[in-house]
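For reference, the structure is listed below as structure tokens.
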Number of protein chains: 2
Amino acid sequence: MTGNTVLDAIDAAILRELQNDARISNKDLAARVNVAASTCLERVRALQRRGVLAGFHADADPAALGRPLQAYIAVRVRPHNRDVVEPFIRFVLDLPETLALSHIAGADDFLVHVAVRDAAHLQRLLLDGFTSRREVAHLETQLIFSHIRKWDISPL
Amino acid sequence: MTGNTVLDAIDAAILRELQNDARISNKDLAARVNVAASTCLERVRALQRRGVLAGFHADADPAALGRPLQAYIAVRVRPHNRDVVEPFIRFVLDLPETLALSHIAGADDFLVHVAVRDAAHLQRLLLDGFTSRREVAHLETQLIFSHIRKWDISPL
DNA sequence: GTCATACCCCGAAGAGTATTCGGACCCTGT
DNA sequence: ACAGGGTCCGAATACTCTTCGGGGTATGAC
């Protein structure tokens, strides 16, 4: 291995396998990427140390948890300064409906990805959760028909 | 346990722990949720069978993989019918830059979440990947300052 | 009451896995 | 040739997974 950014073929393979199945045993992982188990273990730990592997997470299905409807909520926050923005972020992340939150550049300031029980639940969330807050200047909601997340992010 | 939708306290705890760390050992998981290891194992398998636990994935940091810049690309596809939409979806999911793809209701048809090396890379992706396609009628790109994904989805 | 049924849970133990560590190997520069 | 640094490996011990038989408890029929 040469530079600081690039992964060699074995690291890339480890990354691929762990993104595909985070609960694979170290022994099986080692077999798949053709190194000894001890080597494999050390490589995984190195990837974690380097921050390439940021964590391992179970993927729970929102629909199976009674929240089959997803939406994006675009939010404009006024005034758009630290004292307003930081509490707003904390508020959104504390909502059980929230799946993800993006702070974006453009006409809107935030894009909130939510999963709810049904349209009535979404309506309640919008009215009671968002429009009732003073700093929320504008809302725009888009229903999500389907959402596909790619699990295998590859280097460059 | 009664219904089909609800999880009891132990299942909810298992879900929480596995979303927090998918590589926790079954023994440690059992200790955290206060059941025997064998019981815990069976519960995890039941959650997988039921589709509540859809998978386990390593979380790779796009920035550490040389792609520190993220954006949403809103796309309008014309005509919006099966023969056009399905190849488009396949195309987007095959792009290495794509992190996620949503099919949405509203003025735009798709929202594509991408991670790229830099602005020039994004520009190339837009021009060569998207606007060069016949079915792409409109594009709107928003840079992402920060993106926070919540890992712990709770029931209801 | 008491019996049957259906769950859920548990602990023991063999099979299997993780992890450490010393040493082999292979570059690279002197 | 040889020293230094890095990477990899396999053996061995400690630890974990997984199966399986059995115990506890709630429910409902008689």
Side-chain angles (χ1 to χ4, degrees), chain A residues 1-61 64-66 151-156, chain B residues 1-61 64-66 151-156:
Chain A
M1 250 228 299
T2 70
N4 46 359
T5 60
V6 197
L7 275 63
D8 69 9
I10 295 174
D11 283 338
I14 288 175
L15 210 56
R16 184 163 23 83
E17 295 297 334
L18 284 177
Q19 286 184 97
N20 186 251
D21 176 11
R23 270 180 93 74
I24 189 174
S25 76
N26 182 62
K27 192 191 180 221
D28 289 352
L29 178 58
R32 277 173 188 276
V33 305
N34 295 310
V35 292
S38 47
T39 304
C40 188
L41 193 68
E42 183 43 39
R43 286 218 179 217
V44 171
R45 292 210 263 233
L47 287 169
Q48 291 183 269
R49 253 182 278 122
R50 283 203 270 162
V52 176
L53 279 172
F56 304 95
H57 305 278
D59 169 35
D61 179 7
L65 295 174
W151 294 114
D152 53 322
I153 307 175
S154 48
L156 277 166
Chain B
M1 252 228 299
T2 72
N4 45 1
T5 60
V6 197
L7 276 63
D8 68 8
I10 295 174
D11 284 337
I14 288 176
L15 211 55
R16 183 164 21 82
E17 295 296 335
L18 283 177
Q19 286 183 97
N20 186 251
D21 175 11
R23 271 180 92 75
I24 188 176
S25 77
N26 181 63
K27 191 189 181 222
D28 289 352
L29 177 58
R32 278 173 188 274
V33 305
N34 295 310
V35 293
S38 47
T39 304
C40 187
L41 193 68
E42 184 43 39
R43 288 228 179 208
V44 171
R45 292 210 264 234
L47 288 170
Q48 291 184 269
R49 252 182 280 121
R50 282 203 271 161
V52 176
L53 279 172
F56 304 94
H57 304 277
D59 170 34
D61 179 6
L65 294 174
W151 295 111
D152 54 320
I153 306 176
S154 49
L156 275 167

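Chain A is the first sequence line, chain B the second, and so forth, proteins listed ahead of strands; every chain is numbered from 1.
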side-chain contact (heavy atoms from CB on, under 4.5 Å) against B/E17, all qualifying residues, sequence neighbours excluded:
B/L29, B/R32, B/V33

Could you tell me which residues satisfy side-chain contact (heavy atoms from CB on, under 4.5 Å) with B/N34, sequence neighbours excluded, listed by chain and number?
none

Do B/V35 and B/E42 have side-chain heavy atoms sitting under 4.5 Å apart?
no

Hey, are the side chains of A/D152 and A/N20 touching, using non-hydrogen atoms and a 4.5 Å cut-off?
no

Does A/L65 form a side-chain contact (heavy atoms from CB on, under 4.5 Å) with B/L15? I'd like the steps, not just the answer.
CA-CA 11 Å; A/L65 295 174; B/L15 211 55; 3.8 Å; yes

How would nucleotides 9-22 of chain C be written as a contact map, 5' to 3', with B for base contact, S for sugar-phosphate-only contact and - for no contact, using protein heavy atoms under 4.0 Å?
SBB-----SSBB--

